[in-house]
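Before any comments, here is the structure.
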Amino acid sequence: MMTEATQSATLNRDNWPIAAAMINFPGVLPDGSLVQDQTVEQWKKSLDLVVDAGFTELDPTDSWLRIADLSPERLRGFMALTQSMGLTI
């Protein structure tokens with residue numbers, strides 16, 4: 001198991017993780033609906049773009065999706081989705 005101290009020692013400018021910030025993705029969709037209210041499958045469509053760009057880390061940002069405001073069930077769904085896509089937050 002890698003400890004924080006071990007991880008800090010092994011990270012360098014060549015392997016430092018860079019997170020995709022979702023700030024450039026709108027929180028309000030063209031039809032007026034909110035990303036907050038989307039289904040897991042709809043969130044996946046946006047996250048597919050992130051994964052396709054080669055990111056493995058994600059910063060959801062409150063302007064896209066307020067994960068702290070999700071119900072426990074929806075938060076579990078979002079976290080399961082990100083994990084299934086190989087993303088960490």
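From a predicted model like this one, the values you see are computed outputs, not experimental measurements.
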Residues which pass side-chain contact (heavy atoms from CB on, under 4.5 Å) with Ser63, listed by chain and number, not counting sequence neighbours: Ile23, Thr61

Gln42: partners by side chain to side chain donor-acceptor pair (under 3.5 Å), with sequence neighbours left out: Thr39

Heavy-atom pair with the smallest gap, counting every atom of Ala19 and Leu58: CB-N, 4.0 Å

Val40 and Phe78, any side-chain heavy atoms less than 4.5 Å apart: no

Set of side-chain contact (heavy atoms from CB on, under 4.5 Å) partners for Ser46, sequence neighbours left out: Met22, Phe25, Trp64

All pairs passing salt bridge (charged side-chain N to carboxylate O under 4.0 Å, His left out) where residues 56-65 contributes a residue, at least two apart: none

Sequence-distant partners of Phe55, ring-ring contact (aromatic ring centres under 6.0 Å, His included), two or more places apart: none

Side chain to side chain donor-acceptor pair (under 3.5 Å) partners for Asn15, two or more places apart: none

Pairwise side-chain contact, Thr56 with Val51, heavy-atom cut-off 4.5 Å (strictly under): no

Results of side-chain contact (heavy atoms from CB on, under 4.5 Å) for Leu29 - residues two or more places apart only: Asp31, Ser33, Val35, Gln38

Pairwise side chain to side chain donor-acceptor pair (under 3.5 Å) hits with a residue in residues 21-30, at least two apart: none

Selection residues 65-79 - residue pairs positive for side chain to side chain donor-acceptor pair (under 3.5 Å), sequence neighbours left out: Arg66-Asp69

Residues which pass side-chain contact (heavy atoms from CB on, under 4.5 Å) with Asp14, listed by chain and number, not counting sequence neighbours: Asn12

Atom pair CD/OG1 of Gln83 and Thr88 - distance to nearest 0.5 Å: 9.5 Å

Whichever hydrophobic residues join Leu34 through chains of side-chain contacts under 4.5 Å: Val28

4.5 Å side-chain heavy-atom contact, Thr82 and Pro60: no

Straight-line distance of Leu65 CG to Trp43 CH2, nearest 0.5 Å: 5.5 Å

Pairs involving residues 38-54, ordered by first then second residue, that meet salt bridge (charged side-chain N to carboxylate O under 4.0 Å, His left out) (sequence neighbours left out): Lys44-Asp48

